[in-house]
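Please read the structure below before turning to the comments.
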Protein chains: 2
Amino acid sequence: MTTDRPLRADAARNRASLLAAATAEFAERGFDASVADIARRAGIGKGTVFRHFPTKDDLLAAVVLDRIDGLAALARELIEAPSPGPALRQLMEAAAGQQRQLDLSFLREAGGVNARLDDARTDLFASITALVERAQAAGAIRPDISGLDVILLMCAPNYVVSYVPDPAPDLWRRYLAIIFDGLSPDGAGPLPA
Amino acid sequence: MTTDRPLRADAARNRASLLAAATAEFAERGFDASVADIARRAGIGKGTVFRHFPTKDDLLAAVVLDRIDGLAALARELIEAPSPGPALRQLMEAAAGQQRQLDLSFLREAGGVNARLDDARTDLFASITALVERAQAAGAIRPDISGLDVILLMCAPNYVVSYVPDPAPDLWRRYLAIIFDGLSPDGAGPLPA
DNA sequence: AGCTAAACGGACCGGGCGGTCAACTTGTTA
DNA sequence: TAACAAGTTGACCGCCCGGTCCGTTTAGCT
């Protein structure tokens with residue numbers, strides 16, 4: 001299908017700065033950031049953006065993709081960690097700390113726009129599930145928690161913080177700490193649903 | 001300023017169905033729901049919408065207002081409740097259960113668009129703070145929690161659930177339970193920030 | 001019933017968006 | 001260095017949105 005001819009030098013450069021600009025802009029303004037603004041920030045023309053990514057959605061997918069890849073890589077490492085409880089927490093901190101506003105959007109079905117994205121998500125999901133199971137075996141977290149629970153909850157601090165007027169840059173740690181405590185095995189009663 | 005002449009009968013009817021339609025539409029599609037769609041759903045013309053609310057923001061404010069008023073009323077009641085811990089939880093459940101997607105947006109400065117909204121928010125905040133303090137005095141939740149923490153966290157379940165493909169209608173209870181457990185006094189170590 | 005002002009509604013406007021295109025520039029290769 | 005393909009660009013298109021306006025309808029009063 002795609003003949004993988006190597007990218008021309010300037011094209012590669014533009015692609016990189018485009019990705020950086022998109023990451024920043026999406027982080028600051030959310031998905032509503034306009035393509036024109038992103039292009040301006042990257043110092044390239046709007047047309048060039050669409051040459052690299054046929055659609056704004058594809059651009060977002062690319063941005064989100066390497067976040068997920070990074071997280072998945074970390075998760076894979078952490079599976080081997082000696083103490084699974086702290087390892088799980090470390091992963092959640094990495095997730096909450098690095099992303100800002102991108103949030104949970106990557107959970108949406110990519111609709112085949114980007115098959116790589118679907119793979120990465122599946123991969124991340126598998127690693128997190130393994131991590132969770134190890135943490136449960138070690139008695140670090142309650143047994144009725146799933147990998148999905150963790151994925152969902154690790155994004156909550158960012159969401160919550162995004163609504164406080166002048167958030168301290170690491171305020172998210174506060175809410176992550178509370179949520180992580182909620183995962184501990186001495187909680188009251190079984191979880192609904 | 002505003003001479004409070006009583007509303008004409010049809011105008012009152014329209015205003016009511018407009019509010020209902022706006023509530024539903026905002027809940028389903030978020031703030032991006034178009035005014036035209038809301039008008040159509042209410043069975044009125046678009047111009048009529050702007051007659052009742054000069055701006056889309058004002059319409060949202062009105063919708064949000066009675067959510068907050070309702071919550072504030074409940075909070076005020078619950079302050080007198082015999083067991084403050086469950087009372088606080090009940091409030092958080094009411095907040096998480098009734099709203100869908102409106103989320104935390106009401107925390108944004110209304111910018112004077114609607115002074116009533118600011119008042120209601122302040123009122124809710126005060127009642128929740130009182131509730132929290134009583135719960136702390138009873139040893140039901142950890143002492144380093146603020147009213148703001150509770151407001152933020154009680155909206156998280158809804159956010160989180162909105163990203164799962166086919167959520168059970170009360171899946172939010174699951175995440176609220178986890179979060180509420182995180183508020184309990186036997187958490188590990190002091191909270192950051 | 002008849003009158004008036006309140007209320008209605010939809011064509012219309014300006015602006016911003018995602019996406020396209022054809023003329024132009026530039027890296028690459030022989 | 002010549003020539004071509006790959007890459008760039010910004011003007012442009014169509015669409016949709018929030019908001020306006022004015023001709024029309026209608027509730028309420030006498």
Side-chain angles (χ1 to χ4, degrees), chain A residues 1-26 28-64 101 105 108 110-111 113-114, chain B residues 1-26 28-64 105 108 110-114:
Chain A
M1 207 64 177
T2 53
T3 45
D4 280 300
R5 190 199 311 261
L7 222 46
R8 225 171 67 175
D10 57 344
R13 219 181 315 125
N14 281 340
R15 190 176 206 278
S17 65
L18 167 56
L19 238 27
T23 302
E25 205 73 13
F26 282 140
E28 287 170 17
R29 311 206 195 263
F31 186 62
D32 289 341
S34 79
V35 174
D37 284 346
I38 293 174
R40 204 171 308 123
R41 183 164 187 156
I44 64 180
K46 195 168 61 148
T48 307
V49 175
F50 288 102
R51 158 162 277 265
H52 286 282
F53 301 95
T55 273
K56 189 186 176 186
D57 287 316
D58 289 304
L59 177 55
L60 177 64
V63 167
V64 161
Q101 196 89 292
S105 51
R108 298 187 182 291
V113 170
N114 194 330
Chain B
M1 205 61 180
T2 52
T3 46
D4 282 298
R5 190 200 312 260
L7 224 48
R8 223 170 72 174
D10 56 345
R13 220 181 315 122
N14 282 339
R15 190 175 206 278
S17 65
L18 167 56
L19 239 27
T23 301
E25 205 74 11
F26 282 140
E28 286 170 17
R29 309 204 196 265
F31 185 63
D32 289 340
S34 79
V35 174
D37 284 346
I38 293 173
R40 203 171 308 123
R41 182 163 188 158
I44 65 180
K46 195 169 59 151
T48 307
V49 174
F50 288 102
R51 159 163 278 265
H52 286 283
F53 301 95
T55 272
K56 189 187 177 186
D57 287 315
D58 290 302
L59 177 56
L60 177 64
V63 167
V64 161
S105 51
R108 297 187 184 293
V113 171
N114 194 330

Short N-O contact, A:D37 and A:R40, less than 4.0 angstrom: yes
Do A:L59 and A:V49 have side-chain heavy atoms sitting under 4.5 Å apart? yes
To the nearest Å, how far apart are A:R15 CZ and D:dT8 P? 11 Å
Rounded interatomic separation in angstrom, taking CG from B:L60 and P from D:dC17: 17 Å
Kindly give the heavy-atom pair with the smallest separation between A:H52 and A:A11, and that separation in Å. CE1-O, 3.5 Å
Just how far, in rounded Å, is C1' of C:dG10 from CD1 of B:I44? 13 Å
Report yes if a side-chain nitrogen or oxygen of B:H52 is closer than 4.0 Å to either non-bridging phosphate oxygen (OP1 or OP2) of C:dC8; otherwise report no. yes
Looking at OG of A:S34 and CZ of A:R29, how far apart are the two atoms once the value is rounded to the nearest 0.5 Å? 8.5 Å
Take A:L18 and A:I44, measure what side chain to side chain contact (heavy atoms under 4.5 Å, CB included) needs, and give me the verdict at the end. CA-CA 8 Å; A:L18 167 56; A:I44 64 180; 4.1 Å; yes
Closer than 4.0 Å, any side-chain N/O of B:T55 to the OP1 or OP2 of D:dG19? yes
Mind listing the closest non-hydrogen atom pair of A:F26 and A:I38 along with its distance? CZ-CD1, 3.9 Å
Atom CG of B:D32 and atom P of D:dC17 are separated, to the nearest Å, by 10 Å
Rounded to the nearest angstrom, tell me the gap between atom CZ in B:F53 and atom P in D:dG18. 15 Å
Starting at atom NZ of B:K56, determine the distance to atom P of C:dG15, rounded to an integer number of angstrom. 19 Å
Could you go through nucleotides 26-30 of chain C and list every protein N or O atom that sits under 3.5 Å from one of its N or O atoms, giving the distance for each pair?
| from | atom 1 | to | atom 2 | distance (Å) |
| --- | --- | --- | --- | --- |
| C:dT26 | O2 | A:R8 | NH1 | 3.3 |
| C:dG27 | O4' | A:R8 | NE | 3.4 |
| C:dT28 | OP1 | A:A9 | N | 3.4 |

Regarding the side chain of A:F50, the nearest nucleotide among D:dT9, C:dG18, D:dT8 is C:dG18
Do the side chain of A:K56 and the main chain of A:F31 share a donor and acceptor less than 3.5 angstrom apart? yes
Write down the atom of A:A21, the atom of A:R41, and the distance for their closest heavy-atom approach. CB-CG, 3.9 Å
Quick one: is C:dG9 close enough that its OP1 or OP2 comes under 4.0 Å of any side-chain N or O from B:T48? yes
Can you check nucleotides 11-14 of chain D for protein contacts, nitrogen or oxygen pairs under 3.5 Å, and list what you find?
none

Between C1' of D:dT8 and CZ of A:R40, the distance in whole Å: 17 Å
Shortest non-hydrogen separation from B:D58 to B:F53 and the atoms involved: O-CD2, 4.0 Å
Using a 4.0 Å heavy-atom cut-off across all strands, classify A:A33 as base, sugar-phosphate, or nothing. sugar-phosphate
Atom CD of B:E25 and atom C1' of D:dC17: how far apart are they, to the nearest Å? 14 Å
Phosphate OP1/OP2 of C:dA7: any B:N14 side-chain N/O under 4.0 Å: no
